[in-house]
Novice: 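Let me begin by handing over the structure; questions about it come next.
Proteins get letters first, then strands, A, B, ... in listed order; numbering begins at 1 in each. As a basis for the values below, the full set of heavy atoms in this structure was taken, side chains included, without hydrogen atoms, waters or symmetry mates.
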There are 2 protein chains.
Amino acid sequence: MLSARETLAFAHQLADSARSAILPYFRNAAQVENKSQTALFNPVTQADKAAETSMRALIARHRPDDAIIGEEFEDAAGTSGWTWVLDPIDGTSAFMAGTTTWGVLIGALHEGKPAIGIMDQPFTGERWASDATLAHWSRDGAPALALSTRTGVGLNDAMLATTDPYLFNAPERAIFERLQSASRLTRFGLDCTAYALLAQGHIDVVLESGLKIMDIAALIPIIEAAGGVVTDWEGNPNPLGGSVLAAGSPALHAEALALIRP
Amino acid sequence: MLSARETLAFAHQLADSARSAILPYFRNAAQVENKSQTALFNPVTQADKAAETSMRALIARHRPDDAIIGEEFEDAAGTSGWTWVLDPIDGTSAFMAGTTTWGVLIGALHEGKPAIGIMDQPFTGERWASDATLAHWSRDGAPALALSTRTGVGLNDAMLATTDPYLFNAPERAIFERLQSASRLTRFGLDCTAYALLAQGHIDVVLESGLKIMDIAALIPIIEAAGGVVTDWEGNPNPLGGSVLAAGSPALHAEALALIRP
């Protein structure tokens, strides 16, 4: 059976190939002749498909027995116990807006449990990666730094993040606003980068809802190996989609969860 | 009298010096021993002061007759007709959260009118610059690319941005939500980067209120030289603080303004 270490090494190859596939499309929307909404979506759709095609080709060649769940194409069954969860561009509207908060998410579940995760940001050259035991950040191939969350921070000193408060329905938004009132500062618009910066010790709490499995699977090992906690809004671990609460420490997670379910 | 071209060349030196002063502090908050809110603010405050000190020293040495309006220290009077408007870190909470949407804003007014602007992002190495005639983007000293806004986009196809919808008061927020409903997509959390990406043709409309002169002075020449329009919410040009509406074209600006003042 292939180890987590071997699987992470292979995941880095996938991230390299996705990075090369995506970069030519980034910030090229302005060159699109027809400015209709469909045309403006084209570069990100093309980049998404090019990256997923490239990653699936590598998996087919080197890990043919692994299953695949991807954003752009049909799921593929496997027999190895490993399932790849691929989101070539998490944050398509960020990509379209030219910001660098989007990322390539490459997760692998082992027997259904998040075991490997990479988030890559092709433009800044940053990469967050974990084999569920350790988590590291690196940039453009420079030596990797170990990630650890910020600890010893109460909610009243916390940096809270969510991508878009208008994505919450009314009861969810009331919960978010309770958490916001109790926190020190709130940041918006970060997509997957919010979770990566939580693992890196700069953001303390992330609250989101309506996630798909590919939005979060890769991030769970990174957050947990850095010392953070990620659950659904009921406190259940390994939230593979839906409502997610991530926090930098068990104590802070408990404090936030108590506000979610008063 | 010093020309706009000479003044922009000098502004690039200021940006280089601010970049060097700030980078050592970025993403170092996690190393702060005491996790209280005051301690967490320390790195950004230190970076802010170090950058402004360094820029003021260069101005004192090379342009002693220019006036200075800065975020961190007292205003200085001048006799040359040029006034520097310095915001060493626009987006302090973004800086604290470890995101790269903050920037160094260096503007110069000539006889009170925005004439020169630079926005620098030290971590990504990106720089947007204008002498009010042309606007350019460059990265890490690579050849500069001319900036131009996206044109031919109606509000229904537009990418709208604002940093934090909770910063609006109730009537302002109603206006924002009208614009949001009429737009194709909305992005949050971008600070000065929203205006830079508007000049670059990726974002179409930015709506904000409560700005200070140093939040916007440097961005006006960049937006205008790229083909955009920036006014207050009444449609008056050169909004040196307060409520700001920026759009990628005169037609789109008019369409947005009509929604602000129905």
Novice: Specify which of Ile203(A), Thr101(A), Asp164(A), Thr124(A) makes the most heavy-atom pairs with chain B at under 4.5 Å.
Specialist: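 Looking at each of Ile203(A), Thr101(A), Asp164(A), Thr124(A) in turn, Asp164(A) comes out on top.
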Novice: Can a side-chain donor-acceptor contact be found between Thr231(A) and His253(A) if the only test is distance below 3.5 angstrom?
Specialist: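 Judged by distance alone, the side chains do pair up.
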Novice: Under 3.5 Å, is there a donor on one side chain and an acceptor on the other for Arg187(B) and Thr99(A)?
Specialist: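 Short answer, no.
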Novice: Once the angle between the rings of Trp233(A) and Phe168(A) is folded into 0 to 90°, is it parallel (under 30°), tilted (30 to 60°) or perpendicular (over 60°)?
Specialist: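 Tilted: the ring planes of Trp233(A) and Phe168(A) meet at 30° to 60°.
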Novice: Any idea how Phe123(A) and Trp137(B) line up, ring-wise: parallel (<30°), tilted (30 to 60°), or perpendicular (>60°)?
Specialist: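 Plane angle between 30° and 60°, so tilted.
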Novice: Go through Gly189(A), Ala194(A), Ala97(A) and name the one with the most non-hydrogen pairs under 4.5 angstrom from chain B.
Specialist: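 Heavy-atom pairs under 4.5 Å are most numerous for Ala97(A).
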Novice: Side chain from CB out, backbone as N, CA, C, O: work out which of these in Ala158(A) comes under 4.5 Å of a heavy atom of chain B, or both, or neither.
Specialist: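 Neither part.
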Novice: Side chain, backbone, both or neither: which part of Thr149(A) has a heavy atom under 4.5 Å from chain B?
Specialist: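 Neither part.
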Novice: Do Leu147(B) and Leu145(B) come close enough that some side-chain heavy atom pair is under 4.5 Å?
Specialist: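 No, too far: nothing below the 4.5 Å cut-off.
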Novice: I'd like to know which of Gly154(B), Ala161(B), Gly98(B) tops the heavy-atom pair count under 4.5 Å against chain A.
Specialist: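 That would be Gly98(B).
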Novice: Answer with yes or no after comparing the ring centroid distance for Trp128(A) and Tyr195(A) against a 6.0 Å cut-off, counting only values under it.
Specialist: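 No, the ring centres sit 6.0 Å or more apart.
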Novice: Check each atom of Thr193(A) against the heavy atoms of chain B and say whether the ones under 4.5 Å are side chain, backbone, both or neither.
Specialist: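 Neither the backbone nor the side chain of Thr193(A) comes within 4.5 Å of chain B.
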Novice: For the interface with chain A, which of Met159(B), Glu177(B), Gln180(B) has the highest count of heavy-atom pairs at distances below 4.5 Å?
Specialist: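 Of the options given, most contacts go to Gln180(B).
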